[in-house]
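Report on the following structure.
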Amino acid sequence: MPKQGCEIGVVGLGTMGRNLALNFADHGFRVAVYNRTAEKTREFMAQEVGPRHIRPGYELQEFIGLLRRPRALLIMVSAGDAVDAVIKEIWPHLAAGDLVIDGGNSHFTDTNRRARALAVNKVMFMGLGVSGGEAGARYGPSLMPGGPQPAYDRVAPVLEAAAAQVEGAPCVALLGRGSAGHYVKMVHNGIEYGLMELIAETYDLLKRGLGMQPEELHKVYTDWNQGELSSFLLEITARIFLKKDEKTGKPLIDLILDRAKQKGTGMWTSWEAMDLQVGTPTIDIAVVMRDLSGYQDERLAAAQVLTSPNHVFGGDRARFLDKLKNGLYAGMIATYAQGLALLKRASATYNYGLDLETVARIWRGGCIIRAALLEDIRAAFRDRPDLNHLFLDPKLGSEFMTRQQDLRDVVGVAAELGVPAPGLMLSLAYFDAYRSARLPANLIQAQRDYFGAHTFERVDAAGAFHAQWDED
Ligand code: NAP
């Protein structure tokens with residue numbers, strides 16, 4: 001292919017691939033596209049491409065031939081087997097020096113495996129986390145690449161132009177070695193689960209507890225989104241309450257089934273946190289609550305027989321709203337803290353070389369968890385790159401502490417009303433556990449030694465000890 005070949009090829013013209021291809025072309029790059037089902041490529045070319053420099057390959061060979069050498073291709077297909085199927089198909093057409101990028105939500109262990117396999121033929125592989133959904137892909141996502149520096153350098157102009165921009169800087173940077181990009185994206189999604197659960201709990205308290213209707217809820221979340229809580233998720237939450245159902249004219253939110261699905265990235269984060277022994281309770285409970293939401297038939301049956309004291313909120317509504325707002329902010333700090341603590345441990349375990357300031361920086365724009373709070377998080381890691389935990393940052397630690405009484409009050413009200421708020425509760429318990437100089441794990445050690453002779457450690461001497469517990 002002559003030098004004017006396409007700078008980047010996109011395999012997969014689903015929601016994300018289509019929009020990324022348009023985004024790349026809008027920034028002046030020559031793009032080649034290919035989709036397993038050629039009809040989708042035809043539709044895309046006919047309906048969306050217009051005068052942009054996007055060239056279709058209806059056959060794989062034709063597509064490969066459109067690319068400038070050494071080639072750079074972005075695979076944007078469903079995560080899992082589909083990525084392996086595409087790699088298998090393109091493998092015979094690739095040459096040493098080519099670069100394959102997987103932009104889907106792949107599990108990081110798959111990314112490591114694929115990188116090793118392609119390295120045999122000296123083909124570079126990069127795992128790229130992409131966040132921002134359809135609109136992000138089209139107009140500026142947050143991009144989380146991981147892999148070798150030469151791979152990043154090859155496509156940096158394309159990625160940096162296409163990414164969201166915050167204060168003139170693109171929300172993309174090479175995050176680290178190997179599968180670092182997909183790992184960071186996984187944790188991003190885990191944090192997303194946690195934040196969504198916290199917001200859903202505040203909604204439940206306002207709706208079930210205070211009896212608020214969608215229009216009122218719209219005002220509350222719009223107000224909350226103005227200041228320190230300002231974030232993409234609160235912004236869309238406020239908008240959701242305004243939407244009317246076209247058929248009935250009723251608020252759409254009230255017609256949506258209370259059963260949340262998941263694609264697995266939140267669960268992966270929790271598994272990983274357990275594996276690396278880093279506590280992420282707010283994220284874990286967010287996964288659990290989606291699971292519980294799925295047991296709708298059982299919940300409906302249980303609701304007939306299992307009752308709570310049926311307390312009605314009788315306090316000061318305006319004061320409670322303030323407390324809830326502060327409690328949510330504290331919960332958000334705890335959720336980011338858990339995700340970043342996991343990233344810190346993962347970076348050491350997998351030798352990723354992550355810089356957490358950079359991670360916080362590229363999450364400030366384009367992605368689902370973008371929030372004003374990320375400015376403070378970024379500053380925390382900029383001032384102390386070796387910071388062990390966000391609670392130990394003077395600013396964020398004191399922000400949590402000044403809101404802790406409100407969070408305690410909110411959790412108390414939720415328990416009193418019988419409205420489940422486990423994300424808020426666990427965010428508080430996580431804080432209390434983290435700040436406890438002494439936890440009751442001494443008793444757990446004693447129990448383990450009692451029934452299993454697992455030994456215990458002492459406060460006054462090093463080594464492993466065992467007691468004959470039944471002697472006295
Ligand atoms: P999508 O709209 O469902 O499109 C799926 C694409 O994968 C289609 O082009 C499909 O081709 C292709 N495909 C499926 N199985 C294949 C196979 N065995 N061989 C070849 N191609 C195959 O998916 P999407 O939403 O764009 O998501 C793509 C990736 O981005 C996923 O990993 C997803 O998790 C991730 N992601 C999605 C979002 C989002 O908001 N949607 C956000 C961030 C990341 P056909 O047309 O031939 O079926």
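As the structure lists them, so they are numbered: ligands from 1, and atoms in each ligand from 1.
Side chain to side chain, Ser179 and Tyr352 meet the donor-acceptor criterion of an N or O pair below 3.5 Å. Side-chain contact, Gln338 with Thr282: a donor N or O sits under 3.5 Å from an acceptor N or O. For Asp102 and Ser106, the side-chain atoms include at least one donor-acceptor pair closer than 3.5 Å. Between the side chains of Glu399 and Tyr329, at least one donor N or O sits under 3.5 Å from an acceptor N or O. Inspection of the Glu235 and Tyr221 side chains reveals no N or O donor paired with an N or O acceptor under 3.5 Å.
If you number the atoms of ligand 1 from 1 as listed, the ones under 4.0 Å from a heavy atom of Asn35 come out as 8 (C), 9 (O), 11 (O), 45 (P), 46 (O), 47 (O). The Val86 neighbourhood of ligand 1 comprises atoms 20 (C), with distances under 4.0 Å to a heavy atom of that residue. In the vicinity of Gly133, heavy-atom distances shorter than 4.0 Å reach the ligand 1 atoms 40 (O). Interface of Val130 with ligand 1, defined as ligand atoms under 4.0 Å from a residue heavy atom, comprises 43 (C), 44 (C). Close approach of ligand 1 to Thr15 (heavy-atom distance below 4.0 Å) involves ligand atoms 2 (O), 25 (O), 26 (O). The atoms of ligand 1 that sit less than 4.0 Å from any heavy atom of Leu13 are 9 (O). The ligand atoms of ligand 1 that sit less than 4.0 angstrom from a heavy atom of Ala79 are 31 (C), 32 (O). Atoms of ligand 1 lying under 4.0 Å from at least one heavy atom of Gly12, given by number and element, are 9 (O).
The closest side-chain heavy-atom distance from Ile54 to Leu22 is below 4.5 Å. Side-chain atoms of Leu128 and Met144, non-hydrogen and from C-beta on, never get closer than 4.5 Å to each other. Counting heavy atoms from C-beta outward, Thr222 and Phe241 have side chains that stay 4.5 Å or more apart.
Ring centroid separation for the pair Phe431 and His389 does not come in under the 6.0 Å cut-off. The distance between the ring centers of His27 and Phe29 does not fall below 6.0 angstrom.
Protein heavy atom in closest approach to atom 30 (O) of ligand 1: Met76 CE, 3.4 Å. Among protein heavy atoms, atom 6 (C) of ligand 1 sits closest to Val77 CA, 4.0 Å. Atom 34 (O) of ligand 1 has as its closest protein heavy atom Asn105 ND2, 3.2 Å. Remark: minimum distance from atom 19 (N) of ligand 1 to any protein heavy atom is reached at Arg36 CD, 3.7 Å. What sits closest to atom 3 (O) of ligand 1 on the protein, heavy atoms only, is Ser78 OG, 4.5 Å. From the protein, the heavy atom lying nearest to atom 4 (O) of ligand 1 is Gly14 CA, 3.4 Å. Annotation: atom 15 (N) of ligand 1 to nearest protein heavy atom, Ala82 CB, 3.4 Å.
Note on ligand 1: Ser131 sits outside its first shell, no heavy atom being nearer than 4.0 Å.
For Asp84 and Arg114, the salt-bridge test passes: some basic side-chain N is under 4.0 Å from an acidic carboxylate O.
Considering backbone and side-chain N/O atoms, Glu134 never comes within less than 3.5 Å of an N/O atom of ligand 1. For Lys185, no nitrogen or oxygen atom sits less than 3.5 Å from a nitrogen or oxygen atom of ligand 1, counting backbone and side chain alike. Of the polar atoms of Thr37, at least one N or O is found under 3.5 Å from an N or O of ligand 1, judged by distance alone.
Under 4.0 Å from ligand 1, heavy atoms of Met16 appear from its side chain as well as its backbone.
Here Arg177 pairs with nothing under the salt bridge (Lys or Arg N to Asp or Glu O under 4.0 Å) rule; sequence neighbours left out.
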